[in-house]
Amino acid sequence: MKKLINKVENVVRESLEGMALAHSDLIRVHFDPTFVYRADAPVANKVAVISGGGSGHEPMHGGFVGVGMLDAACPGEVFTSPTPDQMLEAARTVNSGAGVLYIVKNYTGDVMNFEMAAELAASEGIPVQNILIDDDVAVKDSLYTAGRRGVGTTVLAEKIVGAAAEEGRDLKALADLCRRVNINGRSMGMALTSCTVPAKGSPTFELGDDEMEIGIGIHGEPGRERMKLKSADEITEMLALAIIEDDAYTRTVREFDLDKGTWVDVELTDPPFQPGDNVLAFVNSMGGTPVSELYIVYRKLHEICEKKGLRIVRNLVGAYITSLEMQGVSITLLRMDDEMIRLWDAPVNTPALRWGPGSTAALSKPLA
Amino acid sequence: MKKLINKVENVVRESLEGMALAHSDLIRVHFDPTFVYRADAPVANKVAVISGGGSGHEPMHGGFVGVGMLDAACPGEVFTSPTPDQMLEAARTVNSGAGVLYIVKNYTGDVMNFEMAAELAASEGIPVQNILIDDDVAVKDSLYTAGRRGVGTTVLAEKIVGAAAEEGRDLKALADLCRRVNINGRSMGMALTSCTVPAKGSPTFELGDDEMEIGIGIHGEPGRERMKLKSADEITEMLALAIIEDDAYTRTVREFDLDKGTWVDVELTDPPFQPGDNVLAFVNSMGGTPVSELYIVYRKLHEICEKKGLRIVRNLVGAYITSLEMQGVSITLLRMDDEMIRLWDAPVNTPALRWGPGSTAALSKPLA
Amino acid sequence: MTLTKTDVLAWLKRVAEVIAENKEYLTQLDAAIGDADHGINMDRGFQRVMSQLPTVEDKDIGTILKTTGMALLSSVGGAGGPLYGTFFMRMGMAVAGKEELSPEEVLTMLKAGLDGVVQRGKAEVGDKTMVDTLTPAIRTLEDALAAGHQFDDALDRMVAAAEEGMKATIPLVARKGRASYLGQRSAGHQDPGATSSYLILATLRDTFKSRE
Amino acid sequence: MTLTKTDVLAWLKRVAEVIAENKEYLTQLDAAIGDADHGINMDRGFQRVMSQLPTVEDKDIGTILKTTGMALLSSVGGAGGPLYGTFFMRMGMAVAGKEELSPEEVLTMLKAGLDGVVQRGKAEVGDKTMVDTLTPAIRTLEDALAAGHQFDDALDRMVAAAEEGMKATIPLVARKGRASYLGQRSAGHQDPGATSSYLILATLRDTFKSRE
Ligand SMILES: Nc1ncnc2c1ncn2[C@@H]1O[C@H](COP(=O)(O)OP(=O)(O)O)[C@@H](O)[C@H]1O
Ligand SMILES: Nc1ncnc2c1ncn2[C@@H]1O[C@H](COP(=O)(O)OP(=O)(O)O)[C@@H](O)[C@H]1O
Ligand SMILES: [Mg+2]
Ligand SMILES: [Mg+2]
Ligand SMILES: [Mg+2]
Ligand SMILES: [Mg+2]
């Protein structure tokens, strides 16, 4: 195993310590339980947006804590959902009284842990909502599976919902917006190489020199299918068409009903893409793929979108939701309405995403 | 070879085409000869800052073209210096009349090609200056070598000089500033893995599972020394101490004398670091190392700088000057005076670096 | 023939050891159809349990099991954390205040734990999860006690059913949890959670039978 | 015994072929002590030369060589581009307007090319560069012609010296170019640029000797 790490047990902690030192103007890190939070939290009258998940997907989620995005992030061990005590303590820390929105990627572990956290937070009188992100079209049905995984759309939802929270929107409005982003986003990913979980010390799967995995998630797991390696254009076409031609997707998700104080089943349907749609195109490195290759993918994706009548109005190209050092790419297309575009463009100042007035170069903690 | 590419011959071109499509608000790409330039070039009364070098170091340099940084970048083939015709045509395109500063990394090929370009530009009446970046402390002397390589400080110089150019500083002042950044910056890098040049198709060097290369450049070449793999803390200490304890470094460089119209030898000396210095700490991924590991390195670097009395006032952590998909890290420390800090903080809006007023989310070329 | 507090403590300690011994194995199973962390997570969790048990060793069995569940919940993470956390917490609630348990109380305890797992995870037998081990095992224990078998004999039968249930996950296509993403590719691999559940139940039997 | 324009064109075409045949080899040499691109770069350059030669085939030798140099300069890149670009451009300037070259003119031409390389790159013999091939080779040609040897014999001697110079780079520690970064680690490897220079000179001899 070749990694820039010290003791395997300390990987998550030391990485967070380094991030806190590098971005002391924006974030703080709390340990035992572990969470990253905005340096200026709680922000008065603002709903707190919290996300979290296993580590190994950096910069997600800790790198998105800051102005205009997340109030807190709860990192678990590598590829392991965090625990309810982290989520609860994060909520207590960043809740201004306006409540907390948990953005949850749809994995059995994440869902169950965040549900328990929400129950605990609600029992303490913190207004709370859990919204799921389940956008991975590689998972075909929700009847015979745990449902679509939450992948690239998570990053986009955190930005858009974070901007709306910054504007002072209330918890219900933010939950609606987050759900809207989710049902309009679709993703699919592939791997050229496996990755190595530090605690395991060897690659999660073995791939031949001329093989790739299609339809992977973000936990270093094998995908739906193993194939012979293809060209970037062919790979892009495979991913993009799976996304663009995906049918309406309907599933039932559990959401917390604030008024009743119980879990309710909500049926959601993703409307398929249509010619004329405005989309954000997100080409994401799985961690080890350089940006030069991402642009080769973006080039083809642009061509395909044009052919299909989708207008790419915004884009994001880089390593934002990763699987450690895995080589590979995921594509996310998000149908955007004008409000979503405006919120996407709104200023953001986090370790990993920054633009607009108020965004700054990274400051460091001065000497004590 | 596992890469997201199509034909090996088209790697550079297709990647640039993708970048142009993703960042049509900021940049344009010209082919035959190849260069990337600001969408709004030439900017009236502004000195144009141009850099360039082999491809494979993305996002450098093309990703740094935009407001507050470079006016143009000339990408060569992978790891191969670009040619004088590219540099000349770029200069003609972005020169507003105020002249052109070429920022050149110190490699024999880059130096010779940029010298020929400067001669050609000068002969056309374009005021021109070449300033070298030679900051790699892994190269010990300049008597028996081609001199120190230009590595991490290049990124910092492009940002700082670009901001000063945006403020309207003249060519001579910018050349002075660029020289000042260079003599105050020092870097060193290491590799956990080799990388594969697409046209070659196999790794440049073979490294055992428990080996690493120390003192590498950015062209996938082996370094000064091969060692047994060490922990992140030990590696960081090795690199950081080589940088911090580096003696005064004196060498003679060739610069173009605008008044005489000839090349003159200039002797430059890097002053060693001193306790109390304000520094920018730059922890850079060689391409395949995830940001989580960079923060582990940053954590230790912060500790070492504190111990040595260096105050980290700014930092940059990410993949900015890379060697394709190589895993590894380089560290750059730049001694900053107040003016340099102010220029570092100034707004920038490029594909790869963006902050401050005027910086924006990535827009895409709308459908024709 | 009762399960004493000492037995319960011995069981938990032995589970911690068994999980540690099988850490690699469970992780390998999870690598095949999941994300290669089940053994690592369970081991971290039971280490946490071991560090917290001393504070409740002189409390009742209910408190000991609830503490175990809370320790797992706040240290395992993933799917395993809430499920095993719930399993032990519910068991603890079912035997609150007790210092020793009759065979029937052991059965009640295990059934409460399983109910919690099913409520939380909504898995059914055949979904290729820990439920495939727990459900037939606990049903077999119930039947054996009802048929008048000795407690240690009934435990043997429970463990045999647990093993069968665990092995029965091999040909299954997963419908719950992370393995379900693999579709047909999940067939041919034994489920890691079903395996850790088997280890936990087998250890209960072993501890009980090996006591002096 | 003159080198005609036809010979020069045949030489350049044959160099393009030889470089293509040795593309992998030159790149491997560069992988050992450089950045693994010398063969790729030179091949790209001579392909460009081949695509441009048709436009100047009916011009004089000087124009043909200058065009070759400019094509190399704008397509090879790296260190090789300006050096070989200069080499051919300076040769072209030295024989401007000529349709055929006497042995002495060939010598003058090569010396002008070498002077350009040394001015541009500032390397000396022993620095482990192409100059280690070019300098002894061209000096040997000069000596051989001065000693009255036949042109083809003199060319043989030149190529022998080129080969010796090329091989002499093996034990050297590089002091110029990218290989110099390796310090002692550069010893034991033959310099790629010295090798391509050998190929260019050997091809000149071969073309001249094999003409009808
Ligand atoms: N909905 C569920 N109900 C019951 N058990 C489940 C469910 N989902 C997953 N599991 C069990 O959890 C195990 C995986 O646990 P673990 O690896 O710790 O979590 P994760 O999948 O989050 O990495 C599976 O092998 C399976 O037995
Ligand atoms: N200063 C110099 N003078 C003469 N030849 C040089 C000089 N520097 C490098 N070379 C030659 O250039 C060759 C490398 O060429 P190439 O690989 O094309 O360029 P780069 O090193 O830029 O990748 C070396 O093998 C050496 O012979
Ligand atoms: Mg997991
Ligand atoms: Mg090169
Ligand atoms: Mg798992
Ligand atoms: Mg080379």
Side-chain angles (χ1 to χ4, degrees), chain A residues 2-6 11 14-19 21-22 55-56 58-59 63 192-193 209 229 231-233 235 281 287-299 302 306 311-317 319 322 324-325 327 329 344-345 354-357 359-364 366-367, chain B residues 2-6 11 14-19 21-22 55-56 58-59 63 192-193 209 229 231-233 235 281 287-299 302 306 311-317 319 322 324-325 327 329 344-345 354-357 359-364 366-367:
Chain A
K2 286 193 154 178
K3 287 179 189 291
L4 290 164
I5 59 175
N6 298 301
V11 163
E14 291 181 353
S15 182
L16 290 171
E17 286 174 356
M19 187 167 72
L21 290 167
S55 291
E58 289 73 21
L192 291 172
T193 62
D209 273 354
L229 199 57
S231 73
D233 282 358
I235 291 168
T289 283
V291 70
S292 51
E293 296 179 29
L294 300 182
Y295 283 127
I296 293 180
V297 171
Y298 186 85
R299 173 182 170 277
H302 182 98
E306 285 218 344
R311 294 170 54 97
I312 303 182
V313 293
R314 294 294 182 277
N315 70 79
L316 185 66
V317 180
T322 62
L324 298 168
E325 76 287 358
Q327 282 179 261
V329 69
W344 177 258
D345 288 344
R354 46 182 85 212
W355 60 66
S359 64
T360 51
L363 302 179
S364 295
L367 270 178
Chain B
K2 285 193 155 179
K3 287 178 189 290
L4 289 164
I5 60 174
N6 297 301
V11 163
E14 291 180 353
S15 183
L16 290 170
E17 286 174 355
M19 187 168 72
L21 290 167
S55 292
E58 290 71 22
L192 291 172
T193 62
D209 274 353
L229 198 56
S231 72
D233 281 358
I235 290 168
T289 283
V291 69
S292 51
E293 296 178 28
L294 301 181
Y295 283 127
I296 293 179
V297 170
Y298 185 85
R299 174 183 169 276
H302 182 97
E306 285 219 344
R311 295 170 54 98
I312 303 182
V313 293
R314 294 293 183 277
N315 68 79
L316 185 67
V317 180
T322 62
L324 297 168
E325 76 288 357
Q327 281 179 261
V329 69
W344 177 258
D345 288 344
R354 47 182 84 212
W355 60 66
S359 63
T360 52
L363 302 180
S364 295
L367 272 178

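Throughout, protein chains are lettered first and strands after them, A, B, ... in sequence-line order, and every chain is numbered starting at 1.
A search for side-chain contact (heavy atoms from CB on, under 4.5 Å) contacts involving A:Thr289 returns A:Ser285, A:Glu293, A:Leu294, A:Gln327, B:Leu4, not counting sequence neighbours. In this structure, the side-chain contact (heavy atoms from CB on, under 4.5 Å) partners of A:Glu58, at least two apart in sequence or on a different chain, are A:Ser55, B:Val291, B:Ser292.
Of the two parts of A:Ile5, the backbone and the side chain both hold a non-hydrogen atom closer than 4.5 Å to a non-hydrogen atom of chain B. With a threshold of 4.5 angstrom between heavy atoms, B:Leu192 approaches chain A through its backbone and through its side chain. In this structure, chain B has heavy atoms under 4.5 Å from both the backbone and the side chain of A:Asn6.
How far OG1 of A:Thr360 is from CZ of B:Arg314: 8.5 Å, rounded to the nearest 0.5 Å. In this structure, the separation between CD on A:Glu14 and CG on B:Asp233 is 6.0 Å, given to the nearest 0.5 Å. Between the CD1 atom of B:Ile296 and the CG atom of A:Leu16 there is a distance of 9.0 Å, given to the nearest 0.5 Å.
In plain terms, the two heavy atoms of B:Tyr298 and A:Gly18 that are nearest each other are CD2-O, 3.6 Å. Across all their heavy atoms, B:Ala361 and A:Asp345 have their closest contact at CB-OD1, 3.6 Å. The shortest heavy-atom contact between A:Ser15 and B:Tyr295 is O-CB, 3.3 Å. Residues A:Pro290 and B:Glu325 share a closest heavy-atom pair of CD-CB, 4.0 Å. Among all heavy-atom pairs drawn from A:Lys2 and B:Thr193, the shortest one is CD-CG2, 4.3 Å.
Ranked by heavy-atom pairs under 4.5 Å with chain B, the first of A:Ala281, A:Gly356, A:Ser231, A:Gly288 is A:Gly356.
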